[in-house]
Structures are given as C-alpha cells and as structure tokens.
Visitor: 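Before we start, here is the structure in question, set down as structure tokens.
When a ligand or atom number is given, it counts from 1 through the structure's own listing order. Numbers for residues simply follow the sequence, beginning at 1.
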Amino acid sequence: MKITHVALRTLELPLVAPFTTSFSTQTHRRVIVLELHAEVDGVEVIGWGECGALPEPVYNEEYNAGVLDVTTTYLLPMLAEAQRKAPLTAESIAHHLERIVGNRMAKAAVEMAVLDAQLRAAGTSFADYLGVTKDRVPSGVSIGIQNSVPQLLETVQGYLDEGYVRIKLKIKPGWDIDPVRAVREAHPDIPLQVDANAAYTLVDANHLAKLDAYDVLLIEQPLAEDDMRQHAELAKRMRTPMCLDESVVSAPKAADAIAMGAAQIINIKPSRVGGYLEARRIHDIASAHGIAVWCGGMLETGIGRAANAALAGMPGFTLPGDISASDRFYAEDITDPFVIEDGYLAIPREPGLARVPDAGRLEAATVGTLHVDL
Ligand SMILES: CC(=O)N[C@@H](Cc1ccc2ccccc2c1)C(=O)O
Ligand SMILES: [Mg+2]
C-alpha cells in the first residue's frame, strides 16, 4: 500500500469515574488516534490506529507529546521514504521503523492503522487474519483504588451484577491486604487478581506473600519495570503466580521473563509491545512454554477494544483480560460500544482490525489534530 495522509488526533474523553492506580488518578482519557489514508491497488482506504500512551510518562516512558513528535518527525517520514522504493505492508512496518529505538506505543499505533487499512482493503477481519475461531471472549474488569473498603465492596458487587467474570484490584502500599481480604471474604469463589503497577520493592516480599492466603489468581507487576531478576526472586517467595505487564515490552523480553522465572503469566498489551504483530509473537512464545497470557487494557476506545477482542480470541489467551465493556470507562464511546453479554464481549467479524469511530463523536472529542502528507 501507499500511505497518502495521516491525521493524528488527540481526544479528550471523560471517564465515568476517576480511575486511581498506584501511579496516578485519571478523570479523563487523553488519547491519540491515527486516521491513515492509503491507496491499495489504486483504491483509497482508511485505517484507524489508537495509541496506548498517557499524557504523562507515568505508566511507561512514553507520553502523548512525545508520541506526536516521534511520529511526525521520524516514523511517518521514514515510511514515506520506504514506500518510494516498494509498497508498504503491515508486516514490514516494524522493519522500516527499527532504526528508531523504543517508542513502542508510537510505532504500535502506526502499524495498527496500516494493518487496519490493509485488512479493510482485503475484506478480511482481524479475527480471520489471526485464525481466531472463537466468536466471543470473557470480560474481566480492572477496579481502581477506592476511598474505603465498603466503597470497594459496593463497586465490586456492581461489576459482578453486570456480569464481569474476573475482578482485578489495583493495589499499592497501604491498600493491598485489607481490600483483598475483604473482597475474598465477601466473594469466596470469584476469580480475583491484583495489579500493583510497580509500586513495591523486594523489601515488601514478606508483606506481599500474605496475599497467598486469599486464592489470588496472579499478582501483576509488583516491582519496577526493569526489575526482571527481582520478580524472579519474589516469585520464589510467593505462591501467588507472578504476572508481568510493564516489564514485557517485546518478544525477547517475554522470553527473558519466562527463562528467568520472572513470569508465570503475561499480560499482553499490543500498544506496550510495539503492535499487534509483536503481541502475536509473544502469545506464540508464551504458549510454547505453557505460560498463560491475557489481554491487558489501556482504557482503549472502541477502536483498540475491537482489535484487543480479536487478539484475545487466540488459543493462548486462557485467562480473562481487561477487555471490559465500553461503559466501564466511557458514558459514550467514539465507536459503536462494546457491551458485555453473559460475561463476554463479541469478537468483531467485520473487515478490518479496528472499529470505525463515529465522525461526529470523534470531532466532538478532538482537542488537537496534526495532519501529515506523505
Ligand atoms: C485497565 C488497567 O488497569 N490498565 C493498566 C493501567 C492503566 C491505568 C490507568 C490508565 C489511565 C489512562 C490510560 C491508561 C491507563 C492504564 C494496567 O493494567 O496496568
Ligand atoms: Mg497492569
């Protein structure tokens, strides 16, 4: 394909409720969406991409202003140069961009938009492209740090009433054992896991091991992104299975984590690892080692949610992911909403990888747009 034009929109979407983690409280999602115009065999097609980066570098080292700069200054000009020699394919994007170190969320958004355009032009759904045969995926929910344990129990009950099949609690020092104990005592049999977003150190090992008493499915990223060896050490000191999120930024890192015993489970986020094609490679490596994976979330709009739902249909995604219904975070999505039905989300089967945003809602949510001609 030949990319002709890309619009990089920054959207501001209010969250239905503040979302507090160990690293921040967010009341809005300020997210970058790419609208990529391309020609495939002379026919114009539009592909959509969504970037997982936050406005500030508090989840990982990327942030929106940096994504916009690296995409307009480097990534798109490099693809403009590459496509002068030969048509681009989604599968060749990573190769063309490999001179740029890191910036995985920025690269992932570009690759996603190219893949969406390519699949749309071919009339193929992402599920079919991946060979996914399932038609729906189980839906888990990520619950932020609450003001009190009673409020947490009320929030958990609300999501269980909506049908969520797995509860994930954000934890941090001072909000960990008590909330987990309270939820487990109230719900002895629900699948329950925790996510610390790197808030602890090995000094907390004995404290975190208290979670072993509450049948916790996994503990997600208790230590820092770079603490791969430390996670392996902690895994020896806890029965609760170790799961990594922020640390697994690529397939080689996934292989390291598995080889070192730093992860018994991996949270795959296509944005964090550089795109859906790298996400598939991580799925394949993990599955080959008998390591369970599940699909994490970055509060995606329906654009990213659609692609995540298809990815989560792959056989190695054996644990419910954070692919919640659209209304978990947004009163109104910019796309047709994903709704939870009997605890599951339907995997889209329309051509393409992403859901197409409603033009009016997209415009209404846009707080800034950059246009790049290639
Ligand atoms: C669903 C979930 O817990 N996601 C991330 C953390 C996270 C937390 C807060 C966010 C705010 C704005 C955008 C993305 C965000 C991602 C995680 O698994 O670690
Ligand atoms: Mg996480």
Visitor: Ignoring hydrogens and geometry beyond distance, is a side-chain donor-acceptor pair present between Thr89 and Gln118 at under 3.5 Å?
Guide: no
Visitor: When you measure from atom 1 (C) of ligand 1 to each heavy atom in Ser142, Ser324, Ala196, Gly321, which option holds the nearest one?
Guide: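 Looking at heavy atoms only, Ser142 sits closest to atom 1 (C) of ligand 1.
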Visitor: What do we get for Val31 next to ligand 1 when only non-hydrogen atoms under 4.0 Å count, side chain, backbone, both or neither?
Guide: neither
Visitor: Quick test: of every protein heavy atom, which one is nearest to atom 7 (C) of ligand 1, and how far off is it to 0.1 Å?
Guide: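 Of the protein heavy atoms, Phe23 CZ, 4.0 Å lies nearest.
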Visitor: Is Asp245 close enough to the Mg ion (ligand 2) to have an N, O or S atom under 2.8 Å?
Guide: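 Yes, since at least one N, O or S atom of Asp245 sits under 2.8 Å from the Mg ion (ligand 2).
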Visitor: Could you check which N/O/S atom of Asp195 is closest to the Mg ion (ligand 2)?
Guide: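 The nearest such atom is OD2.
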Visitor: Quick test of your reading of the structure: of Tyr59, Phe329, Phe19, whose heavy atom lies closest to atom 9 (C) of ligand 1?
Guide: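 The residue whose heavy atom sits nearest atom 9 (C) of ligand 1 is Phe19.
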Visitor: Can you name the atoms of ligand 1, numbered from 1 with element, that are less than 4.0 Å from a heavy atom of Glu220?
Guide: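 Those of ligand 1 that fall under 4.0 Å from Glu220 are 18 (O).
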Visitor: Considering the heavy atoms of Gly297, write down every atom of ligand 1 situated less than 4.0 Å from one of them.
Guide: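 Heavy-atom distances to Gly297 below 4.0 Å select 1 (C), 2 (C), 4 (N), 5 (C).
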Visitor: Just one of Lys269, Arg305, Lys170, Arg166 clears the salt bridge (charged side-chain N to carboxylate O under 4.0 Å, His left out) bar with Asp322, so which one?
Guide: Arg166
Visitor: Relative to the heavy atoms of Lys170, which atoms of ligand 1 are at a distance of less than 4.0 Å?
Guide: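 Contacts of ligand 1 toward Lys170, numbered from 1: 2 (C), 3 (O), 5 (C), 6 (C), 17 (C), 18 (O), 19 (O).
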Visitor: Give me the residue, atom name and distance of the protein heavy atom closest to atom 19 (O) of ligand 1.
Guide: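 So the nearest neighbour among protein heavy atoms is Asn197 ND2, 2.7 Å.
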Visitor: Quick test: of every protein heavy atom, which one is nearest to atom 11 (C) of ligand 1, and how far off is it to 0.1 Å?
Guide: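 Sorting protein heavy atoms by distance from atom 11 (C) of ligand 1 puts Gln26 CG, 3.5 Å first.
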Visitor: To check you understand the geometry: which heavy-atom pair defines the closest contact between Ala354 and Ala306, and what is its length?
Guide: C-CB, 4.0 Å
Visitor: Just do the salt bridge (Lys or Arg N to Asp or Glu O under 4.0 Å) check on Arg272 and Glu246 with the steps written out, would you?
Guide: CA-CA 8 Å; Arg272 180 193 79 224; Glu246 288 88 336; over 6 Å; no
Visitor: Closer than 4.0 Å to some heavy atom of Asp245 - which atoms of ligand 1 meet that?
Guide: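 By the 4.0 Å cutoff, the relevant atoms are 17 (C), 18 (O), 19 (O).
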Visitor: Search all heavy atoms of Pro179 against all heavy atoms of Leu152 and return the closest pair with its distance.
Guide: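 Result for this residue pair: CB-CD2, 3.5 Å.
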Visitor: On the six-membered ring of Tyr344, is Arg136 placed so that its NZ or CZ lies under 6.0 angstrom from the centre and within 45° of the ring axis?
Guide: yes
Visitor: Would you say the side chains of Ser125 and Asp128 form a donor-acceptor pair under 3.5 Å?
Guide: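 Short answer, yes.
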Visitor: Closer than 2.8 Å to the Mg ion (ligand 2), do we get an N, O or S atom from Glu246, backbone or side chain?
Guide: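 So Glu246 does not count as coordinating the Mg ion (ligand 2).
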Visitor: For Thr369 and Thr366, test the side chains for any donor-to-acceptor distance below 3.5 angstrom and give the result as yes or no.
Guide: no
Visitor: Which residue supplies the protein heavy atom nearest to atom 10 (C) of ligand 1, what is that atom called, and how far is it?
Guide: Leu299 CD1, 3.8 Å
Visitor: Looking just at side-chain N and O atoms, do His96 and Glu98 make a donor-acceptor pair shorter than 3.5 Å?
Guide: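 Result is no, nothing qualifies.
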Visitor: Do the rings of His283 and Phe317 sit parallel, tilted or perpendicular, given the 30° and 60° boundaries?
Guide: parallel
Visitor: Quick one: closest heavy-atom pair of Asn60 and Glu62, and the distance?
Guide: OD1-N, 3.0 Å
Visitor: Give the single entry among Arg29, Met298, Arg30, Lys269 that approaches atom 17 (C) of ligand 1 most closely by any heavy atom.
Guide: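 When every heavy atom of Arg29, Met298, Arg30, Lys269 is considered, Lys269 comes closest to atom 17 (C) of ligand 1.
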Visitor: Relative to atom 18 (O) of ligand 1, which among Gln221, Glu56, Arg328, Lys168 owns the nearest non-hydrogen atom?
Guide: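 Answer by nearest heavy atom: Lys168.
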Visitor: What N/O/S atom of Glu220 is the closest to the Mg ion (ligand 2)?
Guide: OE2
